Amino acid sequence: MRPQVLFTALAVVVVLAAALPVIHGQGATPSASLCCNNCGTCTRSIPPRCTCMDASPSGCNPACKTCDKSTIAGRDSFQCKDRVANFCQRSCTKAT
């Protein structure tokens with residue numbers, strides 16, 4: 001094979017390898033810092049885009065774009081309403 005063909009093939013492989021984390025929703029995006037303990041509904045897309053049912057009295061994660069505040073039994077709670085790719089893939093609490 002000629003060197004130009006080998007170089008071109010190598011360049012294509014490098015570009016594809018660099019794009020894989022982004023394609024699979026693992027790139028460095030704000031949603032990468034979101035986690036969920038109580039998964040809500042998910043779409044049937046690949047990767048699935050899910051909502052999270054976690055509620056917190058201290059507010060939503062800073063990466064959350066749509067944070068809803070509700071009052072239950074006189075106490076405020078906040079819930080992220082974003083539908084995020086692989087939202088339920090990472091738990092917020094560490095396994096013991």
Side-chain angles (χ1 to χ4, degrees):
M1 283 186 131
R2 296 186 347 203
Q4 294 89 353
V5 173
L6 288 173
F7 179 74
T8 303
L10 180 61
V12 168
V13 169
V14 168
V15 168
L16 289 175
L20 278 177
V22 174
I23 291 170
H24 290 291
Q26 298 169 356
T29 62
S31 63
S33 64
L34 293 175
C35 59
C36 182
N37 289 327
N38 185 15
C39 191
T41 59
C42 295
T43 63
R44 294 176 66 168
S45 62
I46 297 176
R49 298 181 57 77
C50 303
T51 59
C52 183
M53 301 302 292
D54 289 356
S56 169
S58 59
C60 293
N61 184 306
C64 180
K65 295 177 185 169
T66 308
C67 185
D68 280 357
K69 177 182 174 182
S70 61
T71 303
I72 300 172
R75 294 189 161 177
D76 290 340
S77 69
F78 299 87
Q79 187 176 20
C80 184
K81 296 294 186 177
D82 294 353
R83 189 170 288 273
V84 179
N86 295 320
F87 203 157
C88 301
Q89 187 174 17
R90 199 177 99 207
S91 177
C92 299
T93 56
K94 303 281 185 212
T96 55

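Note that the structure is predicted; figures quoted are calculated from it, not measured. The chain is numbered in sequence order, starting from 1.
The nearest pair of heavy atoms linking Cys64 to Cys67 is SG-N, 4.1 Å. Contact detail for Phe87 and Cys35: the closest heavy-atom pair is CE2-O, 3.4 Å. Nearest heavy atoms, Met53 versus Gln79: CA-NE2, 3.1 Å.
Residues that satisfy the side-chain contact (heavy atoms from CB on, under 4.5 Å) test with Thr71, not counting sequence neighbours, are Asp76. With sequence neighbours excluded, the residues forming a side-chain hydrogen bond (donor to acceptor under 3.5 Å, both in side chains) with Arg83 are Thr41, listed by chain and number. Applying the side-chain contact (heavy atoms from CB on, under 4.5 Å) test to Asn37 and every residue at least two apart in sequence or in another chain returns Asp54, Ser91, Cys92, Thr93. Contacts of Ser58 classified as side-chain contact (heavy atoms from CB on, under 4.5 Å), with partners at least two apart in sequence or in another chain: Ser56.
The distance from the CZ atom of Arg49 to the SG atom of Cys42 is 11.0 Å, given to the nearest 0.5 Å. Note that OG of Ser70 and CZ of Phe78 are 8.5 Å apart. Values are rounded to the nearest 0.5 Å.
No donor-acceptor distance shorter than 3.5 angstrom exists from the side chain of Thr66 to the backbone of Lys81, with no hydrogens or angles considered. Side-chain atoms of Gln89 do not come within 3.5 Å of backbone N or O of Cys36 as any donor-acceptor pair.
Disulfide status for Cys50 with Cys88: absent, SG atoms not under 2.5 Å apart.
Put simply, the side chain of Cys80 reaches to within 4.5 Å of the side chain of Cys60, judged on heavy atoms.
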